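Nothing here was measured: the structure is a model prediction, and the numbers come from that model.
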Amino acid sequence: MSLTNTPTTPAAAARGVSQPTVKPRAAWRRAFEPRHLADTLLTGYLPIIIAMLIIVLPLGWMISSSFKPAGEIVTLNPTLLPQEPTLDNYDAVASRVPLLTVLGNSIYVTVIGSTIKVLLAITTAYALVFIRVPGANLIFLGILVALMVPAEVSMLPNYLTITGLGGRNTLWGIILPGLGTAFGTFLLRQHFKALPKELFEAAELDGAGHFRKLFQIALPVSLPAIATVALVTVVNEWNSFLWPLIITDTPDKMTLPVGLNLLRSIETTTASYGILMAGAVLVIVPMLIVFAALQRYIVAGLTQGAVK
């Protein structure tokens, strides 16, 4: 004998009546009945199709073009998939750019910078919510102001400061100015404020200090929010272009987006399109892998608290 769970609505639960589960196939058929067809297409499939055309199609075209010879890109009869796949474009990128060096620099800057940023965001948000720092509201107001100020405004002061400290053309000179993250602090502060206070009051009765409350209570129940902050931070660090371009001079200290800027000398030739596409793929694919690894935590964060 097999048992199946049958969800109930509040009204049905009050009457002690359970409602049968609607099978996915039956729900799909009902969605495409004539009376529901317009709603299904307009609120379901049409937005998905538009999103795919805007987001997925250019990305797929870029990846496909990176494997095409020049004759298949500059043509009056383009095809989505390459007819004669080739790795020549990637070979050309590797021959013009010190690929392993700039890739290693990007990984180093992204890992170190993102780790410090996320740790600072966690501890700062915890202090603002639970330690009751004097002037906490004023500090939070400053964080909100920092969110509204474009990063370009601080480029010149940061350049003069880092140069004065001897950080020009160094990896730590790339990392240092951006260690504070107003977005991460703001998001985690709002999340910590929503946590049940009873958890922390019980921990205080057991003699737990702030260190234990942070790492044994706040962090385990906040993994989805922290993963969201980490993902945004990693993407920003990896894709950062303007500041690393300003502060570095030689290819051995450049990050991947800046190093691929060395391909700009071939932009005027039609044969360069595949090479430029290959360079763009090298920048984007690592972030797609990171997103795929963290997306389950982000989905959990979106649904957290939906069911009590």
Any side-chain heavy-atom pair from [X] and [Y] closer than 4.5 angstrom?
X: P177; Y: I162; answer: yes
X: V229; Y: I226; answer: no
X: I174; Y: K253; answer: no
X: V102; Y: V258; answer: no
X: S106; Y: P257; answer: yes
X: M62; Y: I284; answer: yes
X: W238; Y: L256; answer: yes
X: S222; Y: L195; answer: yes

Give the cluster check for [X] versus [Y]: same hydrophobic cluster or not, with ILVMFWY residues linked at side-chain heavy-atom distances below 4.5 Å.
X: I217; Y: L205; result: no
X: L282; Y: V97; result: yes
X: L103; Y: V281; result: yes
X: L231; Y: I107; result: yes
X: L176; Y: V234; result: no

[X] side-chain N/O to [Y] backbone N/O, donor-acceptor pair under 3.5 Å:
X: E72; Y: E84; answer: yes
X: S95; Y: A92; answer: yes
X: K213; Y: E204; answer: no
X: T115; Y: V111; answer: yes
X: N105; Y: D252; answer: yes

So, do Y126 and H210 have ring centers that fall under 6.0 Å from each other?
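Judged by ring-centre distance (under 6.0 Å), Y126 and H210 do meet the cut-off.
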
Let me confirm one number: the [atom1]-[atom2] distance from [X] to [Y], rounded to the nearest 0.5 Å.
X: L171; Y: I112; atom1: CG; atom2: CD1; result: 10.0 Å
X: I122; Y: F215; atom1: CD1; atom2: CZ; result: 7.5 Å
X: L128; Y: T124; atom1: CG; atom2: OG1; result: 6.5 Å
X: L260; Y: M254; atom1: CG; atom2: CE; result: 11.0 Å
X: M148; Y: L144; atom1: CE; atom2: CG; result: 5.5 Å
X: T255; Y: I247; atom1: OG1; atom2: CD1; result: 12.5 Å

Check the pair T181 / L120 against side chain to side chain contact (heavy atoms under 4.5 Å, CB included), numbers first and verdict last.
CA-CA 8 Å; T181 166; L120 287 176; 5.6 Å; no

Shared-cluster residues of L81, by chain and number - hydrophobic side chains joined below 4.5 Å
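Reading the cluster by chain and number, L81 sits alone, since nothing else belongs.
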
What is the ring orientation for F140 with F186, classed by angle as parallel under 30°, tilted 30 to 60°, or perpendicular over 60°?
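The arrangement is parallel - the two ring planes meet at less than 30°.
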
At their closest point, which heavy atom of [X] faces which heavy atom of [Y], and how far apart are they?
X: G113; Y: E237; answer: CA-OE1, 4.3 Å
X: A278; Y: V93; answer: CB-CG2, 4.0 Å
X: Y273; Y: V74; answer: CD1-CG2, 3.7 Å
X: P220; Y: L223; answer: O-CG, 3.8 Å
X: S154; Y: A151; answer: OG-O, 3.0 Å
X: N89; Y: S66; answer: ND2-O, 2.9 Å

Heavy atoms from other residues, nucleotides or ligands near OH of Y108 exceed 12 (cutoff 6.0 Å)
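No, not enclosed.
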
Under 6.0 Å from the CG atom of L100, do we count more than 12 heavy atoms belonging to anything else shown?
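Open: at most 12 neighbouring heavy atoms sit under 6.0 Å from CG of L100.
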
Stepwise side chain to side chain contact (heavy atoms under 4.5 Å, CB included) test for F67 and T86:
CA-CA 5 Å; F67 294 100; T86 178; 5.7 Å; no

Dump the intermediate steps for side chain to side chain contact (heavy atoms under 4.5 Å, CB included) on R168 and D249, then the final yes or no.
CA-CA 8 Å; R168 180 175 173 78; D249 295 324; 2.6 Å; yes

Go through the steps to decide whether R96 and I275 satisfy the test side chain to side chain contact (heavy atoms under 4.5 Å, CB included), and finish with yes or no.
CA-CA 10 Å; R96 289 171 169 84; I275 300 174; 3.9 Å; yes

